[in-house]
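Step one of this worksheet: look at the structure below.
These numbers were taken from a predicted model, which means no experiment stands behind them.
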Amino acid sequence: LPDAYQAQVRQGLRQRAKEQGLVRALFELGVTLLSGEREVLKVYEGDNIDQVAIDFAIQHDLGHDEREALVAAVEEQAQARKLVQPLLFKLPVKVGQPEDPWIAQLYVHQGDVPAQIATTFVNRYSGWGNATETAIQITKAILEKAQTVNQAVDEAASRVAGEEAQSKR
């Protein structure tokens with residue numbers, strides 16, 4: 001079978017195993033819906049945590065703000081359990097339709113490949129005029145933010161080194 005079909009088969013088998021309770025969730029997050037109902041979001045090994053949160057939000061018809069709050073909560077739980085690489089920064093990105101835009105946070109972790117996470121982000125939030133160009137713009141924004149963060153870290157390290165040198169005198 002071609003790789004794409006093999007991936008679909010694996011994904012289908014993983015989903016079926018989850019539904020039948022054959023695999024244990026890495027963690028569960030209780031979510032109180034606007035209706036007052038309580039649902040459980042489950043994250044399994046190999047899951048894309050942001051996508052799990054977004055799929056849950058779509059399934060339960062959550063609005064943009066609730067969806068982003070859920071993504072943030074799942075991200076926080078995954079970080080606390082060391083299931084994701086350390087977070088370097090979040091990049092706010094305007095998404096949605098021009099007449100109804102909103103801000104989504106793009107989480108950038110240590111070891112992430114900017115072009116890959118930008119493309120995944122663009123694919124997740126449809127409605128872009130030119131998805132390829134948008135992914136390139138987001139990649140550039142990630143690289144610029146990373147450079148700014150690195151400069152701030154270098155400056156802080158230099159300041160600390162200077163302070164330590166002065167205290168030894």
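The NZ atom of K90 sits 13.0 Å away from atom CD1 of I103, with the distance rounded to the nearest 0.5 Å. Between the CG atom of L83 and the CD1 atom of I49 there is a distance of 7.5 Å, given to the nearest 0.5 Å. Once rounded to the nearest 0.5 Å, the distance linking CD of E155 with CD of Q151 reads 6.5 Å. Within the model, atoms CD1 of I138 and CG of L91 stand 7.5 Å from one another, a figure rounded to the nearest 0.5 Å.
E75 and Q79 are linked by a side-chain donor-acceptor pair at a separation below 3.5 angstrom, with hydrogens and angles left out of the test.
Cluster annotation: V84 is not connected to V108 through the hydrophobic network of ILVMFWY side chains, with a link wherever side-chain heavy atoms come within less than 4.5 Å. Both L87 and I142 belong to a single network of hydrophobic side chains, linked directly or stepwise wherever heavy atoms of I, L, V, M, F, W or Y lie under 4.5 Å apart. Linking ILVMFWY residues whenever their side-chain heavy atoms come closer than 4.5 Å, directly or via other members, places I117 and V95 in the same cluster. With hydrophobic clusters built from ILVMFWY side chains whose heavy atoms lie under 4.5 angstrom apart, V74 does not share a cluster with L106.
Enclosure of atom CD in E76 is not indicated, since only 12 or fewer non-hydrogen atoms of other residues, nucleotides or ligands lie within 6.0 angstrom.
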Let me see the working for D112 and Q116 under side-chain contact (heavy atoms from CB on, under 4.5 Å), right down to the final yes or no. CA-CA 8 Å; D112 281 347; Q116 287 177 346; over 6 Å; no
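Using a 4.5 Å heavy-atom cutoff, the side chains of V149 and L88 are not in contact. For the pair Y107 and V71, the minimum side-chain heavy-atom distance is below 4.5 Å.
Across all non-hydrogen atoms, the minimal contact from A104 to F121 is CB-CZ, 3.8 Å. The two residues A118 and A135 make their nearest non-hydrogen contact at CB-O, 3.5 Å.
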Residues 20-39, side-chain donor-acceptor partners within the protein, below 3.5 Å, at least two apart:
| residue | atom | partner | partner atom | Å |
| --- | --- | --- | --- | --- |
| T32 | OG1 | R38 | NH1 | 3.0 |
| S35 | OG | E37 | N | 3.3 |

Side-chain polar contacts of residues 52-68 - donor-acceptor pairs under 3.5 angstrom, sequence neighbours left out - could you list them?
| residue | atom | partner | partner atom | Å |
| --- | --- | --- | --- | --- |
| D55 | OD1 | Q51 | NE2 | 2.7 |
| H64 | ND1 | W102 | NE1 | 3.1 |
| H64 | NE2 | W102 | NE1 | 3.2 |
| E66 | OE1 | G63 | N | 3.0 |
| E68 | OE1 | Q105 | N | 3.2 |
| E68 | OE2 | Y125 | OH | 2.9 |

